[in-house]
*Asks:* 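Here it is, the structure in full.
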Number of protein chains: 2
Amino acid sequence: MNGKNNPEWHRNFRQRGLRITEPRKAILEVLNNTTEHLSAEEIYTEVHKTYPNIGLTTVYRNLELLEEMGIIAKFHFGDGRSRYELIQSPQKPGHHHHLICTGCKQIIDYDDFVDEEIELLNKVEQALSAAHNFQITGHTIQFYGICNSCRGNL
Amino acid sequence: MNGKNNPEWHRNFRQRGLRITEPRKAILEVLNNTTEHLSAEEIYTEVHKTYPNIGLTTVYRNLELLEEMGIIAKFHFGDGRSRYELIQSPQKPGHHHHLICTGCKQIIDYDDFVDEEIELLNKVEQALSAAHNFQITGHTIQFYGICNSCRGNL
DNA sequence: ACCTTAATGAAAATGATTTTCATTAACAAT
DNA sequence: ATTGTTAATGAAAATCATTTTCATTAAGGT
């Protein structure tokens, strides 16, 4: 059901003594096949189609797990719910950032200038590490705005 | 009680037909005198000391209002509650970004490299505006990491 | 001092996420 | 293949931040 990359996370899980379960397979399956930034409930709804027994709690629990394993990233786009994205998605560009329409809430992945952004981020990261004695683990860059069609609706 | 900058927001409010009320004065007073990034409840608690009649609802309502008036900014630092900061704070550097410790949740305002960051952000902003036909209204840059003492606690 | 109505506060409602707990099912050992 | 251990699950209840409702209060123009 989800091709050759199975072994990868299987091994990853087993090393930690974690089990390969149907809900886990189904959740990763959904994440693997979307270009969107799904919320827990949206993932639940999607998984539910092929695995009707799934519980929303299980989705939450596994998203938390996957996040701390570094397999998915959790985002806050200002709509009051967390959204999740596979860090290595077959459906997406590599390192990208997000552009959010505050009107219709659509989220656009962009990677124009990301190289430059990352270069600067690295520089800032080093400066901050040194100045504040932090071990930097991640960053967030987002742009907010109003898309073309939402502007029309004003 | 809060010096010479009163007239400023008073005028601002009155122009919109909004009233100058005790709760509003008290909330702005608190925001004016902190270097922290307070949540609604923290603001409520603080205001409550000098104005015990304040309601949490009123705090939320006014924070929303102040945000849409462009007087305060609302942030999400990943601890599940919104946090607020005066955009022009007498207690803070001008345009700054945030460094968050995921251990103890402390938030550090930094402005090293902010000029460079902003320069790049402007460039990206223009590119994104053009490419996606967006009218960009804001951005978020944050770094996450683990501070020195939290690293010790691991 | 009076009126109009914006603003408030308390309580209830909502919505996302977490916790609890009894049941189920992975999978290591047999 | 069968079994035993215990990680994982699902349902229901609990929690927590935020929003809504609605009757009351108080700004501030008259």
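Here is how names work: the chains are called A, B, and so on, in the same order as the sequence lines, proteins then strands, and each is numbered from 1.
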*Asks:* Over all strands shown, is B:Thr21 touching base, sugar-phosphate only, or nothing at heavy-atom distances under 4.0 angstrom?
*Replies:*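 It contacts sugar-phosphate atoms only.
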*Asks:* Is there a donor-acceptor pair under 3.5 Å between the side chain of B:Arg151 and the backbone N or O of A:Asn133?
*Replies:* yes
*Asks:* Would you mind reading off the distance between B:Glu42 atom CD and D:dC16 atom P, rounded to a whole angstrom?
*Replies:* 15 Å
*Asks:* Give me the ring orientation class for B:His97 and B:His139: parallel if the planes are under 30° apart, tilted from 30 to 60°, perpendicular past 60°.
*Replies:* perpendicular
*Asks:* Pick base, sugar-phosphate or nothing for A:Arg24, based on heavy-atom distances below 4.0 Å to the nucleic acid.
*Replies:*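 Sugar-phosphate only.
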*Asks:* Return no unless some side-chain N or O of B:Arg14 is found under 4.0 Å from OP1 or OP2 of D:dG28.
*Replies:* yes
*Asks:* Answer with base, sugar-phosphate or nothing: what part of the nucleic acid does A:Phe13 contact at a heavy-atom distance below 4.0 Å?
*Replies:* nothing
*Asks:* Taking A:Arg83 as the fixed residue, which of A:Glu42, A:Glu67, A:Glu36 is the one that meets the salt bridge (Lys or Arg N to Asp or Glu O under 4.0 Å) rule?
*Replies:*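 Answer after filtering A:Glu42, A:Glu67, A:Glu36: A:Glu42.
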*Asks:* Over all strands shown, is B:Tyr51 touching base, sugar-phosphate only, or nothing at heavy-atom distances under 4.0 angstrom?
*Replies:*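 Sugar-phosphate: the residue B:Tyr51, judged by heavy atoms under 4.0 Å, touches backbone atoms but no base.
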*Asks:* Quick one: label B:Ser82 by what it contacts on the DNA or RNA (base, sugar-phosphate, nothing), any heavy atom closer than 4.0 Å.
*Replies:*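 Result for B:Ser82 = sugar-phosphate.
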*Asks:* Quickly work out the B:Leu63 CG to D:dT19 C1' distance and round it to whole Å.
*Replies:*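 Checked: the CG to C1' distance equals 13 Å.
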*Asks:* Answer with base, sugar-phosphate or nothing: what part of the nucleic acid does A:Arg16 contact at a heavy-atom distance below 4.0 Å?
*Replies:*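 Nothing: the residue A:Arg16, judged by heavy atoms under 4.0 Å, touches no strand.
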*Asks:* So which one's nearest nucleotide on DNA chain D is more toward 5', B:Arg19 or B:Arg83?
*Replies:* B:Arg83
*Asks:* Tell me: CG of B:Leu56 to P of D:dT18, nearest whole Å?
*Replies:* 9 Å
*Asks:* Hydrogens and angles aside, do B:His132 and A:Gln106 bring a side-chain donor and acceptor to less than 3.5 Å of each other?
*Replies:* no
*Asks:* Does a donor on one side chain and an acceptor on the other come within less than 3.5 Å for A:Asn33 and A:Glu29?
*Replies:*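 Yes.
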*Asks:* With a 6.0 Å cut-off on the ring centroids, do B:Phe77 and B:His98 count as close?
*Replies:*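 Centroid distance B:Phe77-B:His98: below 6.0 Å, so yes.
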*Asks:* Can you tell me how far P of D:dG28 sits from CD of B:Gln15, to the nearest Å?
*Replies:*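 About 14 Å, once rounded to whole Å.
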*Asks:* Quick one: is D:dA17 close enough that its OP1 or OP2 comes under 4.0 Å of any side-chain N or O from B:Arg81?
*Replies:* yes
*Asks:* Using a 4.0 Å heavy-atom cut-off across all strands, classify A:Arg61 as base, sugar-phosphate, or nothing.
*Replies:*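 Base contact.
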*Asks:* Within a 6.0 Å radius of atom CD on A:Gln91, are there more than 12 heavy atoms belonging to other residues, nucleotides or ligands?
*Replies:* yes
*Asks:* What integer distance in Å separates B:Lys74:NZ from D:dA17:C1'?
*Replies:* 11 Å
*Asks:* When you match B:Glu22 and B:Glu64 each to their closest nucleotide on DNA chain D, which lands nearer the 5' end?
*Replies:* B:Glu64
*Asks:* Measure from NE2 on B:His10 to P on D:dG29 and round the result to the nearest Å.
*Replies:* 13 Å
*Asks:* Of all nucleotides in DNA chain C that come within under 4.0 Å of a heavy atom of chain B, which is furthest toward the 5' end and which toward the 3' end?
*Replies:*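 Listing 5' to 3', DNA chain C meets chain B from C:dT5 to C:dA11.
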